[in-house]
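Just so you know, ligand 1 is whichever comes first in the structure, and atom 1 is the first atom listed for that ligand. Just so it is clear, the model here is predicted, and its values are computed rather than measured.
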Amino acid sequence: AFTVTCGRSGGTFTVEPGVSILKTLRAGGMDLPSSCEEGICGTCETRVLAGEPDHRDFLLTDAEKAAGGSMMLCVSRSRSPELVLDL
Ligand code: FES
């Protein structure tokens with residue numbers, strides 16, 4: 001499991017194995033857009049303020065993945081114990 005903190009709205013959520021960040025945040029009451037939920041459309045792309053995403057989408061380039069400036073909440077996870085998102 002890892003923790004996701006919403007840098008703007010202030011909530012902190014624990015993302016359990018097998019559950020997406022998107023589903024976790026929605027279960028916590030956040031209203032977030034999505035479409036494909038398979039990492040191919042980009043609807044759920046969110047800016048990352050801190051932490052190291054574990055990118056599992058098919059959209060970002062390798063350079064974008066390495067830079068870690070944004071991530072797809074429907075499929076990607078975290079390499080660091082905590083992610084801080086621009087939400
Ligand atoms: Fe399509 Fe996440 S909803 S990439």
### Message
Is it the case that over 12 heavy atoms from other parts of the model lie below 6.0 angstrom from the NZ atom of K23?
### Response
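Counting neighbours around NZ of K23, 12 or fewer heavy atoms of other residues, nucleotides or ligands fall under 6.0 Å, so no.
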
Classify the side-chain pair [X]/[Y] by whether it contains a donor and acceptor separated by less than 3.5 Å.
X: T12; Y: T3; result: no
X: S70; Y: E64; result: no
X: R26; Y: S34; result: yes

### Query
If you measure from the Lys or Arg side-chain nitrogens to the Asp or Glu carboxylate oxygens, is any gap between R47 and D86 under 4.0 Å?
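Looking at R47 and D86, the cut-off is met.
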
### Query
When rounded to the nearest 0.5 angstrom, what distance separates CZ in F13 from CG in L85?
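Reported value, rounded in 0.5 Å steps: 10.0 Å.
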
### Neighbouring protein N, O or S atoms of atom 1 (Fe) of ligand 1 [cut-off: under 2.8 Å, no waters]
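Metal shell, protein only: C36 SG, C41 SG.
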
